[in-house]
Amino acid sequence: WDETHFGKMGSYYINRTFFFDVHPPLGKMLIGLAGYLSGYDGTFPFQKPGDRYEQHNYIGMRGFCAFLGSCLVPFAYLTVLELSKSLPAALLTAFILIFDTGCITLSQYILLDPILMFFLMGAVLSMVKCNNCADRPFSASWWFWLSLTGVNLAGAMGVKFVGLFVVLLVGLNTIYDLWDLLGNLSLSLVVFGKHLLARVLCLIVLPLALYMAMFAVHFAVLNRSGPGDGFFSSAFQSQLIGNNLHNVSIPEHLAYGSVVTMKNLRMAGGYLHSHWHLYPEGIGARQQQVTAYLHKDLNNLWIIKKHDSDTADLSDPSSPVEFVRHGDIIRLEHKETSRNLHSHQHEAPLTRKHFQVTGYGINGTGDSNDFWRIEVVGRKTGKLIKVLRSQVRLTHVATGCILGSSGKTLPKWGWEQVEVTCTPYLKETPNSLWNFEDHINPKLPNISLDVLKPSFAEILLESHMVMIRGNSGLKPKDNEVTSKPWHWPINYQGLRFSGVSETDYRVYLLGNPVIWWLNLVTIGLYLLITLCTAVALKRGVQLTSELKELSRVVLRSGGQITLGWLLHYLPFFMMGRVLYFHHYFPAMLFSSMLTGITWDALLKFCAGFLSPSTTARKVYGGGFLALVLLILYSFYLFHPLSYGMIGPMASDPNSPMAGLRWMDSWEF
């Protein structure tokens with residue numbers, strides 16, 4: 001399953017090959033480091049699930065993820081212990097996570113999820129520990145837990161963008177704390193200012209510094225050209241060893257007579273390209289095709305000419321150099337076929353209401369539909385145009401439309417290259433912006449591309465723009481198994497991890513049904529208990545000191561955990577990207593902690609109304625034991641999901657899983 005992605009990315013770090021991924025780099029860097037330290041050489045291809053590792057040493061990478069996944073149990077145990085001050089509540093939470101088949105399956109492979117959940121739970125534990133040091137602010141332990149919260153926030157954000165949800169949880173907790181401190185009149189405003197500054201330093205400045213440091217290491221390690229080059233700008237590519245832009249010298253400013261290539265700024269937008277093939281009958285005018293092509297090619301070369309004269313005289317070495325300026329009207333002649341870049345009011349092949357772009361004319365002689373106004377984003381008229389750095393827009397003079405790459409793939413007749421259109425919608429998008437990459441003009445002095453090297457801040461911004469665009473571009477493919485957020489808490493459908501036939505080890509990601517349904521019931525139960533407790537307190541019902549303390553735990557600690565669950569679950573309902581079952585697991589951790597706190601409180605409430613105390617203790621102990629035995633027995637039934645089902649399929653009566661397909665949507 002996803003080992004084919006993240007294992008391969010670990011290999012890229014070991015080989016220092018640049019790649020692109022929609023997530024920040026920390027998780028993959030740690031996987032690569034674990035592989036490197038355990039003797040893996042980065043040569044396994046990771047092509048498809050089920051390929052045998054043979055002699056390749058993969059254990060270090062899997063072991064690292066499994067170790068971080070195992071840490072979730074003590075983290076959750078300690079968090080609940082801090083919140084509820086109840087050993088049984090903490091133990092119940094630990095049992096839930098130890099015997100959940102989903103957590104085991106997700107933690108034993110080379111995946112980002114155990115790494116993300118490690119930092120997430122680390123941040124929650126540190127936050128709770130810091131809250132419990134509130135009575136001794138600015139002590140060594142208070143600073144330690146506050147700083148550790150910041151470190152874990154940076155870690156969670158550095159693995160996946162969903163780490164933002166835990167940042168939000170800690171942020172809301174901090175705002176609540178500060179509001180509380182502001183109302184404490186025994187504190188002077190100077191002391192309050194110190195509290196505020198400490199939190200800004202540890203929870204904003206420190207995580208941001210660490211987050212940027214991760215990217216600095218990421219770019220320093222991945223310094224060789226690789227499969228990710230095309231997603232990034234030409235200026236960025238010029239830094240990668242092995243890229244055709246690395247260490248080259250080209251003229252800096254564009255002039256008439258220059259031979260250039262133009263790259264679209266859309267992610268994977270391609271180079272402006274043409275070839276001798278014509279558009280087929282019935283698709284616009286039967287003229288030469290113009291497309292965007294993702295690879296370097298001689299058919300990507302264009303000559304910049306003046307709109308009103310031939311540029312033959314400009315190729316004369318003695319003629320003066322004339323620079324192209326912002327606002328000039330130009331012609332672009334395709335070098336290989338001598339046809340001009342042309343547009344007219346015929347409809348584009350794929351994108352409705354856009355105009356067709358073609359190659360037209362003979363030996364550079366065409367008509368007024370070949371004229372384009374060149375404009376640089378954010379520049380004034382008359383300014384020179386820089387290679388690589390200037391973002392350029394080409395406006396068709398006759399129709400007023402803008403040249404762009406739609407990102408749609410043309411059919412076989414267009415060689416499955418990307419459609420280029422002229423859009424009448426004058427919206428500023430990367431699709432309609434271009435930059436000049438290659439630039440040949442013997443009359444101009446060359447400068448080293450090092451001069452154009454982007455700064456770290458520019459690279460950081462660009463990589464985030466590309467990641468965000470990549471994330472929003474993750475749409476479900478045809479016939480792909482995806483899931484909806486409402487499926488997750490009810491354990492509606494799992495994910496096939498490996499194996500399809502009777503001879504395979506078949507691993508299936510599915511939560512332990514008893515645990516997951518217990519968690520689901522507990523959420524409703526918690527809301528009911530909260531409501532009853534709140535009403536009782538409001539009506540001034542006389543409670544014993546024990547029950548008062550229990551009410552505080554339910555309302556305050558349970559409330560914090562419920563907020564964590566909501567923040568890690570509800571945002572998925574608003575996401576447009578493709579979603580999978582494993583996205584729910586961070587929320588499941590909060591749900592499990594809530595189960596521990598709620599059942600402990602419920603059993604204590606029940607026992608509190610019984611006398612003598614021996615009966616109360618028996619009821620409490622019996623209830624706790626029943627829950628633990630139920631969890632253990634369900635794990636005994638469903639553990640083959642995690643450790644590999646063998647033998648006949650579940651539909652066969654002789655299978656060890658026969659009778660355990662309690663829902664038709666489970667595909668084991």
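Counting begins at 1 with the first residue of the sequence.
- The distance from the CG atom of Asp41 to the CG atom of Asn15 is 8.0 Å, given to the nearest 0.5 Å.
- Crowding of Lys335 atom NZ: a count of heavy atoms from other residues, nucleotides or ligands under 6.0 Å not exceeding 12.
- Closest approach of Ala255 and Leu444 over heavy atoms only: CB-CD1, 3.9 Å.
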Q: Take Ile304 and Phe436, measure what side-chain contact (heavy atoms from CB on, under 4.5 Å) needs, and give me the verdict at the end.
A: CA-CA 11 Å; Ile304 299 179; Phe436 294 97; 4.2 Å; yes
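- Under the 3.5 Å distance criterion, with hydrogens and angles disregarded, no donor-acceptor pair is assigned to the side chains of Gln345 and Thr399.
- At distances below 3.5 Å, at least one donor-acceptor pair connects side-chain atoms of Arg16 with backbone N or O atoms of Ala220.
- For the pair Leu206 and Leu201, the minimum side-chain heavy-atom distance is 4.5 Å or more.
- Atom CD1 of Ile303 is separated from atom CD of Glu333 by 5.0 Å, given to the nearest 0.5 angstrom.
- Note that the CH2 atom of Trp434 and the CG atom of Leu394 stand 8.0 Å from one another [nearest 0.5 Å].
- Other residues, nucleotides and ligands contribute more than 12 heavy atoms inside 6.0 Å of the CZ atom of Phe215.
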Q) Please walk me through it: do Leu120 and His568 pass side-chain contact (heavy atoms from CB on, under 4.5 Å)? A) CA-CA 11 Å; Leu120 184 149; His568 284 81; 3.3 Å; yes
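- Taking the six-membered ring for Trp, His346 and Tyr360 have ring centres at least 6.0 Å apart.
- Using a 4.5 Å heavy-atom cutoff, the side chains of Phe355 and Glu347 are not in contact.
- Two residues are said to be in side-chain contact when any heavy atoms from C-beta on lie closer than 4.5 Å; Met212 and Leu460 meet this criterion.
- Each of Gln289, Glu336, His334 was evaluated against His275; a single residue qualifies, Gln289, per the side-chain hydrogen bond (donor to acceptor under 3.5 Å, both in side chains) test.
- Summarising the geometry, atom CG belonging to Leu26 is positioned 5.0 Å from atom CZ belonging to Phe119; distances are rounded to the nearest 0.5 Å.
- Contact between Val376 and Ser390 at its shortest, heavy atoms only, is CG1-CB, 3.9 Å.
- Judged purely by atom type and a 3.5 angstrom limit, Asn340 has no side-chain atom pairing as donor or acceptor with the backbone of His342.
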**Q.** Derivation of the side-chain contact (heavy atoms from CB on, under 4.5 Å) call for Gln288 and Leu278
**A.** CA-CA 4 Å; Gln288 187 169 296; Leu278 307 181; 4.2 Å; yes
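- Side-chain atoms of His277 do not come within 3.5 Å of backbone N or O of Trp413 as any donor-acceptor pair.
- Heavy atoms only, all atoms of each residue included: Leu254 and Val387 are closest at CD1-CG2, 4.3 Å.
- Contact record, Met61 with Phe46: CE-CZ, 4.3 Å, taken as the closest heavy-atom pair.
- No donor-acceptor contact under 3.5 angstrom links the side chains of Tyr279 and Gln356, judged on distance only.
- Between Phe6 and His23, the ring-plane angle classifies as tilted under the 30° and 60° cut-offs.
- Between Thr261 and Leu301, some side-chain heavy-atom pair lies under the 4.5 Å cut-off.
- The shortest distance between side-chain heavy atoms of Phe323 and Ile385 does not fall below 4.5 Å.
- Trp302 places a side-chain N or O within donor-acceptor distance of the main-chain N or O of Leu272, the cut-off being under 3.5 Å.
- Between Glu419 and Val357 there is no side-chain heavy-atom pair separated by less than 4.5 Å.
- Leu116 approaches Ala156 most closely through the heavy-atom pair CD1-O, 3.6 Å.
- Under the 4.5 Å side-chain criterion, counting only non-hydrogen atoms from C-beta, Val159 is not in contact with Phe118.
- At least one side-chain heavy atom of Met157 sits less than 4.5 Å from a side-chain heavy atom of Leu164.
- From Met262, atom CE reaches atom CG of Asn435 across 8.5 Å, with rounding to the nearest 0.5 Å.
- The aromatic rings of His583 and Tyr580 sit tilted relative to each other, their planes meeting at an angle between 30° and 60°.
- Donor-acceptor pairing under 3.5 Å is recorded for the side chains of Tyr13 and His218.
- Checked by atom type and distance alone, the side chain of Arg325 never pairs as donor or acceptor with a backbone atom of Leu384 at under 3.5 Å.
- Ring geometry for Tyr293 versus His273: interplanar angle of 30 to 60°, hence tilted.
- Between Ser11 and Tyr40, the shortest heavy-atom contact is OG-OH, 2.6 Å.
- Without hydrogens or angle criteria, Arg224 side chain to Ile241 main chain gives no donor-acceptor distance under 3.5 Å.
- With hydrogens and angles ignored, the 3.5 Å screen pairs a side-chain donor or acceptor of Ser483 with a backbone N or O of Phe581.
- Looking at Lys263 and Glu437, no side-chain N of the basic residue comes within less than 4.0 Å of a carboxylate O on the acidic one, giving no salt bridge.
- Listed for the His439 side chain is a donor-acceptor partner under 3.5 Å among the backbone atoms of Pro251.
- Salt bridge Lys306/Asp328: absent, no basic N to carboxylate O contact under 4.0 Å.
- Between the side chain of Tyr36 and the main chain of Gly42, no donor-acceptor pair closer than 3.5 Å is present.
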(Q) As a quick check of understanding, evaluate ring-ring contact (aromatic ring centres under 6.0 Å, His included) for Phe236 and Phe219, giving each step before the final call. (A) CA-CA 10 Å; Phe236 178 85; Phe219 293 126; 5.8 Å; yes
Q: Please assess Thr423 against Thr351 for the test side-chain contact (heavy atoms from CB on, under 4.5 Å), listing each intermediate value before the final yes or no.
A: CA-CA 9 Å; Thr423 169; Thr351 309; over 6 Å; no
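- For the atom pair OG1 of Thr421 and NE2 of His354, the computed distance is 5.0 Å after rounding to the nearest 0.5 Å.
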